[in-house]
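Worksheet: one structure, shown below.
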Amino acid sequence: MYVFGDEKIISGDSAKVWAVWSEVERFPEWDPREVENRLHGPFAPGTSGYSKQRGNPGGPYTITAVEPGRMWTAESPLPGGKLTIDHGLEPIRDGKIRVWKRYEVRGPLVLLFRLYYGRNVRRALAGTFTALEQEAARR
């Protein structure tokens, strides 16, 4: 197993941040990493989708958990394993919100994620969090 991720304190209204972060089909409009994101049903556990980020192969995912206003989880199959991504937000105080993403990789592709994908994703997360903050403020 390989676990990685990052977090950032952003400014904004947590309801607006949640609205942006739970509208996955619009990710390519504001997240510099996202090329495509389709959801085949409601934003709810059990709904499947397809996502592609810049420089990475695309693939299917399924939403496995949603705690409205707080967090959601998606799982993607990998050869012999899976990738689980948690997306979270936590209001702190005075318009400050801690946002975070946690990636958990299981299976034979752990080494590839550790050496290549994980490093690239960690580098890009700061930009994703900044873009999330800006999009929530814009709306």
Side-chain angles (χ1 to χ4, degrees):
M1 180 173 63
Y2 175 51
V3 177
F4 65 97
D6 204 358
E7 66 178 51
K8 183 176 181 180
I9 305 298
I10 64 172
S11 298
D13 175 85
S14 61
K16 287 183 181 180
V17 171
W18 175 257
V20 171
W21 219 356
S22 60
E23 200 170 16
V24 299
E25 291 182 320
R26 293 185 65 186
F27 281 10
E29 296 175 17
W30 59 267
D31 188 336
R33 292 184 54 234
E34 292 284 331
V35 173
E36 182 179 357
N37 203 318
R38 296 185 313 258
L39 197 57
H40 309 298
F43 183 78
T47 299
S48 64
Y50 175 87
S51 177
K52 177 166 180 9
Q53 290 80 36
R54 284 187 209 307
N56 295 326
Y61 67 90
T62 301
I63 295 176
T64 58
V66 175
E67 293 179 34
R70 186 176 176 284
M71 73 162 289
W72 65 277
T73 301
E75 289 185 0
S76 296
L78 297 173
K82 70 178 175 177
L83 168 65
T84 303
I85 306 172
D86 297 316
H87 308 69
L89 68 90
E90 175 187 8
I92 299 174
R93 67 190 167 333
D94 303 325
K96 300 292 183 189
I97 304 160
R98 180 177 74 93
V99 293
W100 50 270
K101 284 183 85 169
R102 178 185 179 272
Y103 295 73
E104 180 180 296
V105 183
R106 293 181 180 269
L109 293 182
V110 164
L111 185 59
L112 182 61
F113 271 84
R114 185 180 301 275
L115 297 176
Y116 179 72
Y117 291 116
R119 180 177 24 199
N120 292 341
V121 169
R122 277 193 307 275
R123 256 186 296 215
L125 279 176
T128 291
F129 295 145
T130 297
L132 173 63
E133 178 180 38
Q134 291 170 346
E135 180 65 12
R138 186 188 70 76
R139 291 188 191 182

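Residue numbers count from 1 along this sequence. Being a predicted model, the structure only gives us computed values, none of them experimental.
The side chain to side chain donor-acceptor pair (under 3.5 Å) check on T73 picks up D86, with sequence neighbours excluded. Every residue meeting the side-chain contact (heavy atoms from CB on, under 4.5 Å) condition with E29, not counting sequence neighbours, appears here in chain and number order: R26. With sequence neighbours left out, the side-chain contact (heavy atoms from CB on, under 4.5 Å) criterion links E90 to R98. Annotation: side chain to side chain donor-acceptor pair (under 3.5 Å) contacts of S11 (sequence neighbours excluded): K96. In this structure D13 satisfies the salt bridge (Lys or Arg N to Asp or Glu O under 4.0 Å) test with no other residue, sequence neighbours excluded. Listed by chain and residue number, nothing satisfies the salt bridge (Lys or Arg N to Asp or Glu O under 4.0 Å) test with E133 (two or more places apart in sequence, or in another chain). Listed by chain and residue number, Y61, W72 satisfy the side-chain contact (heavy atoms from CB on, under 4.5 Å) test with A74 (two or more places apart in sequence, or in another chain). Applying the salt bridge (Lys or Arg N to Asp or Glu O under 4.0 Å) rule to K16 yields no partners; only residues at least two apart in sequence or on another chain are considered. Residues forming a side chain to side chain donor-acceptor pair (under 3.5 Å) with T47 (at least two apart in sequence, or on another chain): none. Scanning for salt bridge (Lys or Arg N to Asp or Glu O under 4.0 Å) contacts around R93 gives an empty result, with sequence neighbours left out.
Under a 4.5 Å side-chain heavy-atom criterion applied to ILVMFWY residues, the cluster that includes I92 comprises I9 as well. Taking Ile, Leu, Val, Met, Phe, Trp and Tyr as hydrophobic and joining them when side-chain heavy atoms fall under 4.5 Å apart, one finds Y50 isolated, its cluster having no other members.
Between R114 atom CZ and F4 atom CZ the span is 10.0 Å, to the nearest 0.5 Å. Of the inter-residue distances, the one linking W30 atom CH2 with T130 atom OG1 reads 10.5 Å to the nearest 0.5 angstrom. Taken to the nearest 0.5 Å, the NZ atom of K82 stands 11.0 Å off from the CE atom of M1. In this structure, OG1 in T62 is found 10.0 Å from CG in L39, a value given to the nearest 0.5 Å. The distance from atom CD of E75 to atom CD of E104, rounded to the nearest 0.5 Å, is 8.5 Å. Remark: L89 CG to E7 CD distance equals 12.5 Å, nearest 0.5 Å.
Residues E34 and S51 share a closest heavy-atom pair of OE1-OG, 3.5 Å. Summarising the geometry of F129 relative to V99, their closest heavy-atom pair is CD2-CG2, 3.6 Å, with the distance given to 0.1 Å. Across every non-hydrogen atom of W100 and W21, the tightest pair is O-CH2, 3.2 Å. The minimum heavy-atom distance linking I85 with K101 is given by the pair CG2-CE, 3.8 Å. Heavy atoms only, all atoms of each residue included: A44 and V66 are closest at CA-CG2, 4.2 Å. The heavy-atom pair separating V24 from N37 by the smallest distance is O-CB, 3.3 Å.
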Residue pair T64, T84: steps toward the side chain to side chain contact (heavy atoms under 4.5 Å, CB included) verdict: CA-CA 9 Å; T64 58; T84 303; 5.5 Å; no
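Relative orientation of the F27 and H87 rings is tilted, given thresholds of 30° and 60° on the angle between their planes. Using bins of under 30°, 30° to 60° and over 60° for the plane-to-plane angle, the ring pair Y117/F113 lands in the tilted bin.
In this structure, P60 and P77 have side chains that are in contact, with non-hydrogen atoms separated by less than 4.5 Å. Taking 4.5 Å as the limit, some side-chain heavy atom of E23 sits within range of a side-chain heavy atom of R139.
V3 and V110 fall into different hydrophobic clusters, where Ile, Leu, Val, Met, Phe, Trp and Tyr are joined by side-chain heavy atoms under 4.5 Å apart, directly or via other members. Both L78 and Y116 belong to a common hydrophobic cluster when Ile, Leu, Val, Met, Phe, Trp and Tyr are linked at side-chain heavy-atom distances under 4.5 angstrom. Follow the hydrophobic side-chain contacts under 4.5 Å out from Y103 and you never reach M71; the two are in separate clusters.
The backbone N or O of L125 sits nowhere less than 3.5 Å from a side-chain atom of R33 that would complete a donor-acceptor pair.
For T128 and K8, the side-chain atoms include no donor-acceptor pair closer than 3.5 Å.
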